[in-house]
Amino acid sequence: MTAAIIDGKAFAAGLRARIATEVEALARRGIKPGLAVVLVGEDPASQVYVRSKGRMTVEVGMASFEHRLPDTTPEDELLALIARLNADPAVNGILVQLPLPRHMDEAAVINAIAPEKDVDGFHILNVGLLATGQKAMVPCTPLGCLMLLRDRLGDLAGKRAVVIGRSNIVGKPMAQLLLRDSATVTVAHSRTADLPALCREADILVAAVGRAEFVKGDWIKPGATVIDVGINRTEAGLVGDVDFASALPVAGAITPVPGGVGPMTIACLLANTLTATARANGLTDPEGLTP
Ligand code: NDP
């Protein structure tokens, strides 16, 4: 048996096409969603992300506003920019690209974004809303993983899920989303005892570790659905957190790296911007883009 490959690239393209159709419908009402992306400093990976975010925002018919600030920018100036974007009716979504330069307080900056425009879902209010099962802005990467899982498995109720990683960006919100769908969720991390045995119990295994090819094929329950969030740059190119070659004969389905979770993240950023725009205009949430 060989695992089915979960084609995140194709799924994300379909999602963006649907978003573009919704954006056209909004245009007929005189509404144009706008996404502002703020980049502080010159981090090369961040520059690449910001460029592709801007390009895809425009491709789906939304307005893209890019703000690039030098890495010596005082925090006050960044906060003043966020305050202007919060007040700007043309801006429905605000994303501050992380990581920020070391002299800035990341939590203070994120929590200065108006929660209803926080399309990354990192604001403390959105974290709380998600944790309590209320209408929130949901972090893009785990939202993308959830969409792929539902598409593959349908109802997740009663499935055993193991999430490796407890970051605020991926692991914790992923666990919240799976729990919300009534999976039985375990969150593993660097202090977890006998991780391979734990993973072998999982019908759904999400790896968000940041270590190249960390999860081996013999950690995987035969037939399990494996979502590989990892993006690791190695001499051999981009690889995930799962050892793809040894996982392939065991898993039921698996996301490749690249072409799995990665493309879903930007598509879900656009989905969140659309949702934020609908909410700002008193419209119902677009179908299937929220948990
Ligand atoms: P973090 O470094 O913030 O978190 C990594 C987590 O993995 C931590 O909770 C850590 O545990 C855990 N961990 C580390 N080593 C081990 C170990 N030996 N055994 C078990 N658990 C371990 O990373 P992120 O969550 O931000 O990102 C994870 C990966 O996902 C990275 O490769 C990143 O590049 C990728 N990523 C991909 C995105 C996409 O769009 N596809 C978006 C965001 C991230 P502890 O808490 O105990 O330290």
Side-chain angles (χ1 to χ4, degrees), residues 5-13 15-16 37 43-53 56 95-100 106-107 110 119-122 127 130 138-149 161-178 185-202 205-216 218-220 226-234 236-244 247 254-272:
I5 306 296
I6 300 174
D7 190 347
K9 196 175 168 191
F11 193 100
L15 193 58
R16 292 198 307 275
V37 176
D43 181 68
S46 295
Q47 287 185 332
V48 173
Y49 291 139
V50 166
R51 214 174 304 130
S52 48
K53 282 169 186 170
M56 292 193 183
L95 179 149
V96 177
Q97 185 67 43
L98 303 178
L100 287 169
E106 215 158 82
I110 289 166
V119 282
D120 253 342
F122 297 157
V127 176
L130 176 61
V138 176
C140 305
T141 300
L143 179 59
C145 296
L146 182 76
M147 287 183 187
L148 294 178
L149 282 168
V162 170
V163 178
I164 318 175
R166 57 173 159 181
S167 72
N168 293 331
I169 294 174
V170 188
K172 281 185 200 151
M174 185 75 250
Q176 294 288 1
L177 288 170
L178 289 164
V185 186
T186 306
V187 182
H189 45 77
S190 65
R191 308 291 294 274
T192 296
D194 202 355
L195 183 60
L198 180 71
C199 292
R200 271 182 223 118
E201 293 177 8
L205 183 61
V206 181
V209 192
R211 288 172 172 240
E213 300 173 331
F214 177 70
V215 175
K216 308 299 178 199
D218 63 0
W219 300 18
I220 295 170
V226 178
I227 303 289
D228 189 350
V229 182
I231 300 177
N232 306 291
R233 280 161 231 282
T234 69
L238 273 195
V239 300
D241 289 344
V242 178
D243 179 19
F244 191 77
I254 186 168
T255 57
V257 177
V261 174
M264 291 300 291
T265 297
I266 296 185
C268 286
L269 173 67
L270 302 175
N272 278 348

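Atoms within each ligand, like the ligands themselves, are counted from 1 in listed order. Here, residue 1 is the first one in the sequence, and each next residue gets the next number.
- The part of T141 lying near ligand 1 is the side chain, judged by heavy-atom distances below 4.0 Å.
- At a 4.0 Å heavy-atom cut-off, ligand 1 touches T265 through the side chain alone.
- Within the model, atoms CG of L149 and CG of L178 stand 6.5 Å from one another, a figure rounded to the nearest 0.5 Å.
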L98 and F122: CA distance, side-chain angles, deciding distance, side chain to side chain contact (heavy atoms under 4.5 Å, CB included) verdict:
CA-CA 11 Å; L98 303 178; F122 297 157; 4.1 Å; yes
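- Of all the heavy atoms of R211, the ones lying under 4.0 Å from any atom of ligand 1 belong exclusively to the side chain.
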Checking I5 against I254 for the side chain to side chain contact (heavy atoms under 4.5 Å, CB included) test, could you report, in this order, the C-alpha distance in whole Å, the side-chain angles of both residues, the deciding distance, and whether it holds?
CA-CA 5 Å; I5 306 296; I254 186 168; 4.2 Å; yes
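- Distance from atom 46 (O) of ligand 1 to its nearest protein heavy atom, with residue and atom name: R166 NE, 2.7 Å.
- Close approach of ligand 1 to G165 is summarised as follows: ligand atoms under 4.0 Å from at least one heavy atom of the residue are 6 (C), 7 (O), 9 (O).
- Nearest non-hydrogen protein atom to atom 34 (O) of ligand 1 is I231 O, 3.4 Å.
- Residues S167 and K172 form no side-chain contact, since every pair of their non-hydrogen atoms from C-beta on lies 4.5 Å or further apart.
- Within 6.0 Å of atom NZ in K216, more than 12 heavy atoms from other residues, nucleotides or ligands are found, so the atom counts as buried in its surroundings.
- With hydrogens left out, the protein atom closest to atom 17 (C) of ligand 1 is F214 CZ, 3.5 Å, a heavy atom.
- Between the CG atom of L205 and the CG atom of D228 there is a distance of 9.0 Å, given to the nearest 0.5 Å.
- Assignment of A208 to the shell around ligand 1 is supported, since a heavy atom sits closer than 4.0 Å.
- Across the listed options L198, V229, I266, V229 owns the non-hydrogen atom lying nearest to atom 41 (N) of ligand 1.
- Of all non-hydrogen atoms in D241 and G210, the two that sit nearest each other are OD2-N, 2.9 Å.
- A 4.5 Å side-chain heavy-atom check between D218 and P196 finds every atom pair outside the cut-off.
- Heavy atoms of T192 stay at 4.0 angstrom or farther from ligand 1.
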Kindly determine whether T192 and I164 satisfy side chain to side chain contact (heavy atoms under 4.5 Å, CB included), including the steps that lead there.
CA-CA 9 Å; T192 296; I164 318 175; over 6 Å; no
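- Proximity of G262 to ligand 1 is established by a heavy-atom distance of less than 4.0 Å.
- Nearest protein heavy-atom neighbour of atom 20 (C) of ligand 1: H189 O, 3.1 Å.
- Below 3.5 Å of separation, one finds no N or O of I169 facing any N or O of ligand 1.
- Closest approach of V239 to V257, counting heavy atoms only: C-CG1, 3.7 Å.
- At the top of the distance list for atom 29 (C) of ligand 1, counting protein heavy atoms only, stands G210 N, 3.7 Å.
- In this structure, the protein non-hydrogen atom closest to atom 16 (C) of ligand 1 is V209 CG1, 3.7 Å.
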How far apart are the C-alpha atoms of E201 and V162, what are their side-chain angles, what is the distance that settles it, and do they pass the side chain to side chain contact (heavy atoms under 4.5 Å, CB included) test?
CA-CA 8 Å; E201 293 177 8; V162 170; 5.7 Å; no
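- By heavy-atom distance, the residue among P258, S167, C268, P142 lying nearest atom 4 (O) of ligand 1 is S167.
- What sits closest to atom 11 (O) of ligand 1 on the protein, heavy atoms only, is S190 N, 3.2 Å.
- Taking CE of M264 as the start and CG of L269 as the end, the distance is 12.5 Å to the nearest 0.5 Å.
- Listed by atom number, the atoms of ligand 1 under 4.0 Å from V261 heavy atoms are 41 (N).
- On a distance-only criterion, R191 and ligand 1 share no N/O pair closer than 3.5 Å.
- Interface of V170 with ligand 1, defined as ligand atoms under 4.0 Å from a residue heavy atom, comprises 25 (O), 43 (C), 44 (C).
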